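Heads up: the structure comes next, in structure tokens.
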There are 2 protein chains.
Amino acid sequence: MDEVFKALADASRRSLLDRLHARNGQTLNELCDGLAMSRQAVTKHLAILEAANLVATHKHGREKLHYLNPVPIHEIGERWIRKFEHGKLAALSTLKRQLEKRDE
Amino acid sequence: MDEVFKALADASRRSLLDRLHARNGQTLNELCDGLAMSRQAVTKHLAILEAANLVATHKHGREKLHYLNPVPIHEIGERWIRKFEHGKLAALSTLKRQLEKRDE
DNA sequence: ATAATAGGCAACCAAATGGTTGCATGTCAA
DNA sequence: TTGACATGCAACCATTTGGTTGCCTATTAT
């Protein structure tokens, strides 16, 4: 799971996921368009996303197509994010109460 | 939002959030226990969590108490994770279909 | 008053990260 | 078949990151 969090920690990589979410199955060159960095930099980012299982690829002739895999994102939502949403109100009220002690 | 993702990208920091989730309002020294690293390293991690607004602190005498703020985690869930859950089935079926082309 | 406790600050260091460039390879089209 | 196109590989570089150590300050307890 650490790999997924690390992969999501970079804005360029999140942008790549966004673009695949908007249109799945893009080639490397398509994903490079408009991303002020070299093709090789994008390749590295995609490799990290692939290692985290967030992107799957499929070679078609000389093109490499990239597909979004939403499962790890979903798992983070399920196993991590929701845990902190549970009891959110309780945590907030504690937080509020303690911060108000500043004024004592 | 980038700060929040970056803050969550480290296992030690996620562990600190876990521990605050288990028991809110711990001091720095309490949070150090069992975390094979120096107090100063923990201080730095907590500073990053604080900068990302994931932790709020409150000085009480010579102690510094740390409180979890679940709001940024919730926002990531709302604004980012859910987006990818929407259309998850569609993405998965495309993914499956394309990966099966390997066998053609 | 003095010692112990809780924490802060700053300099330093190794390794990881995010990027580059140059060149090589494989595939398609004329 | 030959040139153009899509991608891969490797070396290199600067900056960031995660950690350390040493010392300083503030608060509490004896």
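Keep in mind it's a predicted model, so treat the numbers as computed, not measured. Per chain, numbering begins at 1; letters A, B, ... match sequence-line order.
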- [ ] Would you check if A/L65 and A/T57 make a side-chain contact, meaning some heavy-atom pair closer than 4.5 Å?
- [x] no

- [ ] Round to the nearest Å and state the distance from A/R14 atom CZ to C/dG18 atom C1'.
- [x] 15 Å

- [ ] Would you confirm whether the ring centroid of B/H74 sits within less than 6.0 angstrom of the ring centroid of A/F84?
- [x] no

Open item on the list: By nearest heavy atom, map B/Q40 and A/H66 onto DNA chain D; which one lands nearer the 5' end?
Closed with: A/H66

- [ ] Starting from the 5' end of DNA chain C, give me the residue, B/K64 or A/H45, whose nearest nucleotide shows up first.
- [x] B/K64

- [ ] Rounded off to whole Å, could you give me the CD1-to-P distance for the A/I48 and C/dG19 pair?
- [x] 9 Å

Task: SB check B/K6 B/D2 (cutoff 4.0 Å) - done: yes

TODO: Verify the contact: side-chain N or O of A/N29 to OP1 or OP2 of D/dC5, cut-off strictly under 4.0 Å; return yes or no.
DONE: no

- [ ] Please state how far atom CG in B/L46 lies from atom P in C/dA6, giving the value in whole angstrom units.
- [x] 16 Å

Task: Gap between atoms CG and C1', on B/L8 and D/dT17 respectively (whole Å) - done: 16 Å

Task: N/O (side chain, B/S38) to phosphate O (OP1/OP2, D/dT20) under 4.0 Å - done: yes

Open item on the list: I want to verify a distance call: between C/dG8, D/dG18, C/dG19, whose nearest atom is closest to the A/A41 side chain?
Closed with: C/dG19

Open item on the list: Does a side-chain N or O of A/R62 approach OP1 or OP2 of D/dG8 to a distance below 4.0 Å, or not?
Closed with: no

- [ ] Would you check if B/H45 and B/V42 make a side-chain contact, meaning some heavy-atom pair closer than 4.5 Å?
- [x] no

Open item on the list: Can you tell me if A/K59 touches the phosphate of C/dG26, counting only side-chain N or O atoms and a distance under 4.0 Å to OP1 or OP2?
Closed with: no

Task: Salt-bridge present (A/R23, A/E30; N to O < 4.0 Å) - done: yes

TODO: Starting at atom CG of A/L28, determine the distance to atom P of C/dG26, rounded to an integer number of angstrom.
DONE: 18 Å

Open item on the list: Both A/G61 and A/K44 contact DNA chain C. Taking the nearest nucleotide for each, which residue is further toward the 5' end?
Closed with: A/K44

- [ ] In whole angstrom, give the distance that lies between atom CG of B/L35 and atom P of D/dG18.
- [x] 14 Å

Task: Between C/dG7 (P) and B/H60 (NE2): distance, integer Å - done: 12 Å

- [ ] Quickly work out the B/E63 CD to C/dG7 C1' distance and round it to whole Å.
- [x] 10 Å

